[in-house]
Number of protein chains: 2
Amino acid sequence: MTSEVQLAMSTQVAAHLRAQILSGTMPPGDRIRQEVVAEQFGTSRLPVREALRMLAAEGLVELEPNKGARIPRLDEHEVSLLYTMRERLEPLALIESIPHLTDEQIDELRLIQLRIEADTELRDFLVLDREFHMLTYSGCDSEHLLGTVRRFWNTTQHYRRAFMEVSGPRRMWIVNAEHNLILDAIERRDAEDAERYLAGHIRRTRIELLRHPEVLVAPSTAPHRTARSTASGGPQPLD
Amino acid sequence: MTSEVQLAMSTQVAAHLRAQILSGTMPPGDRIRQEVVAEQFGTSRLPVREALRMLAAEGLVELEPNKGARIPRLDEHEVSLLYTMRERLEPLALIESIPHLTDEQIDELRLIQLRIEADTELRDFLVLDREFHMLTYSGCDSEHLLGTVRRFWNTTQHYRRAFMEVSGPRRMWIVNAEHNLILDAIERRDAEDAERYLAGHIRRTRIELLRHPEVLVAPSTAPHRTARSTASGGPQPLD
DNA sequence: TGTCTTGAAAGTGGATCCATTTCTTACTAC
DNA sequence: GTAGTAAGAAATGGATCCACTTTCAAGACA
């Protein structure tokens, strides 16, 4: 009698699609057809429909009546605005979180940052960077705030990747420096300082991003491209 | 051949439930059973399930696997934090909106404010107040920002009502004064000023709300109360 | 008398089948 | 040769039926 919770099928499907979208396997503009996904999982289309609703709630797909789901494509202004929204909300999440962070969590933060500095793989960086920030917010006990922050990260994920691909290692150095500033402030439990550094970090990222308009134009070659079958045949949760 | 768009059933069900929740007919803590709602609409449970997913995305209900849907109940800290989130995001929506507002929209804003000042019905106030603020944001063309703002309003709606019920007419005067400050700034197209007044308006509302802890405790008498049938038998979109 | 167990009832999750809408393509008329 | 139209294909939306989980209450046993 294991303590495994029997996850609903729709939740599993959602997790798989979420991983694919966040990992970039399915870029913005791609259409998601219920039947194709259902076949991949060997289920009916019903859990797929529910999964798509979940993802729509997280801002990962957009649904249009009688037209199905597709991965939203953002223009330059929308991406910039999303970063501005992050700049206003994430410092709040950090303020809420810091008093409740355990010493162990701060130790792990330091560990993650060391791994970021040691590793140079782009894919690892994207995952670790997200882990780092989310862990700094993990002391925040408001699901509304955390959910909103997560949604912002989700919707901008593809553009983060594209941005990191075009910006050189210099960008990585800057991020590391800024992470360390935030981390030091957290270790001192100095919420005010941490807030300032975080807001600056997001703000500078946004400004830097706007200097690379090539990542902000249509990322998918063919418009209305359809995602047929993906490389992996089964679910492999990433997030 | 009318130009009526045939709305999906799930959308209609969602609109009806949304109206009921926002109007207070179904208070926080109430459980929503798929079968009951399906009967009311003469449909199967399937569109109800999809409607519940939509509402969950808007923060109006919370879903637990194998346990169904219920209207979330917020504690004092959560409500306070939601107001703080509003204080940070809504001024941004206003800044984005003001340059795109038409003169006609500003005229209508003035009209709504006059109606608020003329009317004394609580129910009307809640509707008009929401209309006022949403109209000030209507120039903002980002669905992400608008959607987030709407979600915050939705989740706090019940506590807004409870708060207005206990606070006297003095509270209304203050709101009117603050609305007029915001409105004047908008008419001057002074985004900076409008932002300041709006942030102050939300901040003061939060502080005032925290002075009435009686509206923040469990609003529904019996825990796990079930909403059987409601007064109205059919859909009557409010929002 | 209190607690644990068991079984029935209620309710949600999923599969299959059918209806309706939308998109595509081929054909016709100008 | 081009544009408009209609028919067929493809994909989504909904209804009904079945399976599994949760819950609650009644009864048995310590």
Side-chain angles (χ1 to χ4, degrees), chain A residues 1-17 26 29-57 61-72 222-230 234-235, chain B residues 1-17 26 29-57 60-72 222-229 234-235:
Chain A
M1 201 178 291
T2 65
S3 64
E4 291 282 332
V5 275
Q6 178 68 18
L7 274 161
M9 184 60 69
S10 55
T11 310
Q12 293 182 45
V13 175
H16 183 222
L17 289 177
M26 308 173 81
D30 264 23
R31 187 170 168 194
I32 302 177
R33 277 183 302 148
Q34 300 177 359
E35 199 166 0
V36 175
V37 180
E39 252 175 52
Q40 282 183 4
F41 279 83
T43 69
S44 82
R45 278 173 24 232
L46 207 145
V48 178
R49 277 159 69 177
E50 305 222 331
L52 289 175
R53 293 248 178 245
M54 294 186 213
L55 296 178
V61 305
E62 57 187 3
L63 300 174
E64 224 173 331
N66 285 321
K67 285 198 170 178
R70 69 176 54 244
I71 303 171
H224 288 220
R225 186 187 134 195
T226 296
R228 266 287 161 191
S229 76
T230 52
Chain B
M1 205 177 290
T2 66
S3 65
E4 291 281 332
V5 275
Q6 177 68 17
L7 274 161
M9 185 60 69
S10 54
T11 311
Q12 293 182 44
V13 175
H16 184 222
L17 289 176
M26 307 172 81
D30 264 23
R31 188 171 168 193
I32 302 177
R33 276 183 301 146
Q34 301 177 357
E35 199 166 1
V36 175
V37 180
E39 254 175 51
Q40 283 184 3
F41 279 83
T43 70
S44 82
R45 279 172 23 231
L46 207 146
V48 178
R49 277 158 69 176
E50 304 220 332
L52 289 175
R53 293 248 180 246
M54 295 187 212
L55 297 177
L60 283 172
V61 306
E62 56 187 5
L63 299 174
E64 222 173 333
N66 285 320
K67 284 194 168 182
R70 68 176 55 244
I71 303 171
H224 289 219
R225 186 187 134 195
T226 296
R228 265 289 158 191
S229 79

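From a predicted model like this one, the values you see are computed outputs, not experimental measurements. So you know, we letter chains A, B, ... as the sequences are listed, proteins then strands, and number each from 1.
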| query | Looking at CD of B:E50 and CG of A:L63, how far apart are the two atoms once the value is rounded to the nearest 0.5 Å? | reply | 9.0 Å

| request: Kindly compute the distance separating CG (B:L17) from CE (B:M26), expressed to the nearest 0.5 Å. | output: 6.0 Å

Over how many whole Å does the gap from [X] atom [atom1] to [N] atom [atom2] extend?
X	N	atom1	atom2	result
A:R70	C:dT22	CZ	C1'	13 Å
B:E35	D:dC17	CD	P	13 Å
B:R53	C:dT12	CZ	C1'	11 Å
B:R33	C:dA10	CZ	C1'	8 Å
A:N66	D:dG14	CG	C1'	11 Å
B:E39	C:dG11	CD	P	10 Å

| said: A side-chain contact here means heavy atoms from C-beta on lying under 4.5 Å apart; do A:T43 and A:Q12 qualify? | reply: no

| said: Does any part of the side chain of B:V48, heavy atoms only, come nearer than 4.5 Å to the side chain of B:I32, both counted from C-beta? | reply: no

| note | Of all heavy-atom pairs linking A:S10 and A:P47, the shortest is CB-O, 3.5 Å

| query | Taking all non-hydrogen atoms of both residues, which atom of B:A14 and which atom of B:L55 are closest, and how far apart? | reply | O-CD2, 3.8 Å

| query | Which of these nucleotides, C:dT12, C:dG14, D:dG14, is closest to any side-chain atom of B:E50? | reply | D:dG14

| Under 4.0 Å: is that the gap between some side-chain N or O of B:Q34 and OP1 or OP2 of C:dG13? | yes

| field | Any A:K67 side-chain nitrogen or oxygen under 4.0 Å from OP1 or OP2 of D:dG13 | value | no

Atom pairs under 3.5 Å: protein N/O with N/O of nucleotides 15-17 of chain C:
residue	atom	partner	partner atom	Å
C:dA15	OP2	A:S44	N	3.2
C:dA15	OP2	A:S44	OG	3.1

